There are 2 protein chains.
Amino acid sequence: MKNLSLKQLRYFEVLARTGHFGQAAEICAVTQPALSVQIKALEASAGAALFERTTREVRLTGFGVEFAERVREILRSVDELSDLARKAQEGLSGRLRLGVIPTIAPYLLPRFLTRLNGAFPDLDVQVRESITPRLIAELGEGGLDLALVALPVSERSLEEYPVFEEPMVLVRPEAEADAPVPDVTTLHMRRLLLLEEGHCFRDQALAFCNIPGGGPRDGLEGTSLSTLVQMVGAGMGITLIPEMAVPVETRSAPVSVARFRGPQPMRQVGMVWRKTSPLAERFRAIADLLAPDTSEPSVDAQ
Amino acid sequence: MKNLSLKQLRYFEVLARTGHFGQAAEICAVTQPALSVQIKALEASAGAALFERTTREVRLTGFGVEFAERVREILRSVDELSDLARKAQEGLSGRLRLGVIPTIAPYLLPRFLTRLNGAFPDLDVQVRESITPRLIAELGEGGLDLALVALPVSERSLEEYPVFEEPMVLVRPEAEADAPVPDVTTLHMRRLLLLEEGHCFRDQALAFCNIPGGGPRDGLEGTSLSTLVQMVGAGMGITLIPEMAVPVETRSAPVSVARFRGPQPMRQVGMVWRKTSPLAERFRAIADLLAPDTSEPSVDAQ
DNA sequence: TGGATTGATAAATCTTTCTTATGAAAAATC
DNA sequence: GATTTTTCATAAGAAAGATTTATCAATCCA
């Protein structure tokens with residue numbers, strides 16, 4: 001059964017259907033001898049006759065009948081493979097493993113996934129939420145295709161694709177709502193609540209406030225932005241959160257939100273993927289779906 | 001997706017498994033460029049990249065993963081096809097549609113089918129019982145592969161394969177058991193009970209007794225040998241039956257069985273199949289399984 | 001029996017696939 | 001940081017395989 005070819009199976013299937021070498025050859029767009037030779041080769045490699053030939057008619061042998069059933073099944077599978085390929089050419093399809101950092105996921109994913117599903121209905125999106133270093137590692141190992149993070153990640157093997165910039169805003173207890181917005185450089189004077197180590201948002205905030213990073217800050221850490229805001233509401237201090245988190249997180253806590261005056265602390269939101277990925281173009285199209293809604297309510301500077 | 005070949009799918013599967021062009025090429029017993037070219041051709045016809053290449057590693061894309069699953073399924077089916085072929089080469093396999101005439105079926109089939117199943121366990125035997133003309137027609141139309149009949153059938157397109165000869169024996173009421181066995185030529189003087197028209201055994205009996213065939217013989221016909229013997233037991237006349245029917249049919253009726261003296265009326269039992277059938281050799285092997293048991297009890301001439 | 005139909009076979013041509021030789025990029029090593 | 005190694009891609013000639021044209025042999029039909 002060596003040197004079996006799909007072409008032979010195709011010829012065989014048509015001949016089994018038509019029962020006529022001439023007609024089958026025409027359907028296959030080859031000459032009759034070409035088909036005869038291939039059928040003969042197929043029978044040789046199968047080790048048994050598939051057809052019983054008369055000048056009058058060409059009929060499947062008992063073995064041929066059984067053979068034909070399986071061949072049809074194989075050809076069907078192969079055609080499905082072609083369908084799959086054709087589909088993949090136009091719309092994106094298949095599995096997409098997407099990593100997202102925790103300070104983006106809850107606020108951007110709902111809208112993003114809706115859009116993604118609208119644009120690529122055949123895409124099977126699998127989301128994993130983790131901190132940037134883990135996502136980068138998984139990208140490198142091939143466990144992820146794409147990650148939605150804050151840029152830059154500065155990883156040589158990864159391509160960075162910025163999508164939009166976003167300000168960090170100040171969250172204070174509601175009682176301080178009318179107090180003047182402090183300068184960012186003075187924040188280290190206050191009890192500044194931040195996320196635990198590993199979150200890039202923590203590092204960005206520290207950098208912005210000119211506070212050296214490193215060790216833990218006992219009593220000043222929360223496991224999520226939501227927790228931080230609740231802590232602020234309880235009067236434990238102040239914090240920074242990304243603007244996109246404002247509508248969701250500040251709704252149920254007695255806090256006041258304000259933009260800083262002067263130079264805004266910003267973070268760059270974007271996507272990263274392996275430079276070698278052949279799907280880079282598709283990934284850019286996907287990333288563009290992240291572009292913020294212009295109708296989105298934003299926090300005014302006070 | 002044109003010009004897709006099984007070879008490409010095989011190469012692809014190995015490369016997907018090894019993740020290394022060099023190793024994959026070695027497994028496929030070709031050089032690395034050959035494999036590279038085929039993979040590239042496969043990707044071109046699929047219209048999308050299947051692998052993500054680094055000097056470090058070769059990894060399936062998301063699309064490639066989906067593609068690989070289906071390819072593996074296809075290759076599995078193809079291998080099964082090979083198994084089927086290999087099996088068919090040695091033992092006979094597949095479906096065998098066998099026709100048998102009613103004056104043979106009940107007596108020979110039990111033992112024959114047992115032997116057949118022993119010799120070719122993978123053979124799916126489908127038996128149809130009918131009179132010779134119908135069997136011949138079905139053979140011609142491809143509805144049957146093989147028929148077990150009385151020879152000759154004298155059909156140009158069929159090959160006849162005699163297996164054994166068998167005498168016809170006389171069945172009389174038990175009361176006549178001690179009477180001398182009449183000469184066959186005198187049988188037309190008696191009420192000779194025979195099968196209905198169409199049965200070859202009827203014609204053979206008539207020919208042997210020098211009685212012209214043709215029209216129906218009211219009141220002298222039975223639908224089966226079993227019926228005929230019961231009729232004889234009821235004193236309605238005498239009949240002829242093939243020797244193989246004796247043990248089964250004469251057990252429960254008050255009849256006496258006797259061989260004729262002098263030249264025995266005989267029938268030739270054998271098989272027929274289309275001369276064009278590529279399975280002729282197999283059919284001969286099958287027919288040989290019909291050879292009578294030498295330990296078989298036979299009816300002594302009186 | 002002679003023409004028509006149908007499948008098999010043979011030789012030449014064309015296409016595809018393979019091998020050998022070589023190049024280029026990234027990683028590992030010194 | 002230059003060099004060696006590893007690994008995949010590419011190119012050209014060689015080998016293998018498939019296709020076409022031409023022809024034959026067998027069967028059917030009139």
Side-chain angles (χ1 to χ4, degrees), chain A residues 1-12 14-45 49-61 64 140-141 155-159 274-278, chain B residues 2-12 14-45 49-61 64 140-142 155-159 274-278:
Chain A
M1 209 68 198
K2 270 172 66 178
N3 291 346
L4 179 67
S5 76
L6 278 183
K7 199 178 284 189
Q8 289 174 346
L9 297 188
R10 284 243 147 78
Y11 288 180
F12 166 76
V14 175
L15 181 56
R17 208 149 33 79
T18 60
H20 191 289
F21 278 77
Q23 290 173 26
E26 194 174 358
I27 293 175
C28 296
V30 293
T31 56
Q32 170 263 315
L35 192 126
S36 279
V37 168
Q38 290 305 319
I39 294 295
K40 197 182 172 190
L42 181 61
E43 287 181 318
S45 74
L50 295 166
F51 293 99
E52 199 176 319
R53 297 132 159 101
T54 322
T55 356
R56 193 102 303 267
E57 55 187 336
V58 176
R59 193 168 28 216
L60 282 171
T61 61
E141 291 160 12
E155 183 74 20
R156 268 173 37 71
S157 63
L158 300 183
E159 180 170 341
R274 288 184 297 280
K275 277 180 179 163
T276 54
S277 173
Chain B
K2 268 173 70 175
N3 292 346
L4 179 68
S5 74
L6 278 183
K7 200 179 284 191
Q8 288 174 348
L9 297 187
R10 284 241 148 80
Y11 289 0
F12 166 76
V14 176
L15 181 56
R17 207 148 34 78
T18 60
H20 191 289
F21 278 75
Q23 289 173 27
E26 193 173 1
I27 293 175
C28 295
V30 292
T31 56
Q32 169 263 316
L35 192 126
S36 280
V37 167
Q38 289 305 319
I39 294 296
K40 196 181 174 190
L42 181 61
E43 287 181 318
S45 75
L50 295 166
F51 294 99
E52 199 176 317
R53 297 134 160 97
T54 321
T55 4
R56 192 102 303 268
E57 56 188 335
V58 175
R59 191 168 31 216
L60 283 171
T61 62
E141 291 160 12
E155 184 73 21
R156 268 173 35 73
S157 63
L158 300 183
E159 180 170 341
R274 289 184 296 280
K275 277 180 179 162
T276 54
S277 173

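The analysis underlying the following values was restricted to heavy atoms, covering all of them including side chains, and did not include hydrogens, waters or symmetry mates. Given the structure is predicted, the values throughout are model-derived calculations rather than measurements. Naming convention: chains lettered A, B, ... in sequence-line order (proteins, then strands); numbering from 1 in each chain.
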Chi angles and distances behind the side chain to side chain contact (heavy atoms under 4.5 Å, CB included) call for Arg17(A), Val14(A): CA-CA 5 Å; Arg17(A) 208 149 33 79; Val14(A) 175; 3.7 Å; yes
dC8(D) phosphate, OP1 or OP2, under 4.0 Å from His20(B) side-chain N/O: yes
side-chain N/O Arg53(A) vs dT6(C) OP1/OP2, d < 4.0 Å: no
Where do [X] and [Y] come nearest, in terms of heavy atoms and distance?
{"X": "Ala49(B)", "Y": "Thr61(B)", "value": "O-OG1, 3.1 Å"}
{"X": "Glu43(A)", "Y": "Leu50(A)", "value": "OE2-N, 2.7 Å"}
{"X": "Leu42(A)", "Y": "Leu4(A)", "value": "CD1-CD1, 3.3 Å"}
{"X": "Phe12(A)", "Y": "Ile39(A)", "value": "CA-CD1, 3.7 Å"}

Whole angstroms only, please: what is the [atom1]-[atom2] distance between [X] and [N]?
{"X": "Leu42(B)", "N": "dT17(C)", "atom1": "CG", "atom2": "P", "result": "12 Å"}
{"X": "Glu52(B)", "N": "dC8(D)", "atom1": "CD", "atom2": "P", "result": "14 Å"}
{"X": "Arg10(B)", "N": "dT17(C)", "atom1": "CZ", "atom2": "C1'", "result": "17 Å"}
{"X": "Leu15(B)", "N": "dT7(D)", "atom1": "CG", "atom2": "P", "result": "13 Å"}

Sort me out a list of protein N/O and nucleotides 25-29 of chain C N/O pairs below 3.5 Å, or just none if empty.
residue	atom	partner	partner atom	Å
dA26(C)	O4'	Thr55(B)	OG1	3.3
dA27(C)	O3'	Arg56(B)	NE	3.4

Under 4.0 Å protein heavy-atom contacts per nucleotide of nucleotides 11-21 of chain D, with B for base, S for backbone only and - for none: B-----SSSBB
Separation between OG of Ser45(A) and CD of Gln8(A), rounded to the nearest 0.5 Å: 5.5 Å
Residues Glu52(B), Arg274(A); criterion salt bridge (Lys or Arg N to Asp or Glu O under 4.0 Å); working and verdict: CA-CA 9 Å; Glu52(B) 199 176 317; Arg274(A) 288 184 297 280; 2.4 Å; yes
Closest to the Lys40(A) side chain, choosing from dT9(C), dC8(D), dA8(C): dT9(C)
Flag, side chain of Gln23(A) to backbone of Thr18(A), donor-acceptor distance under 3.5 Å: no
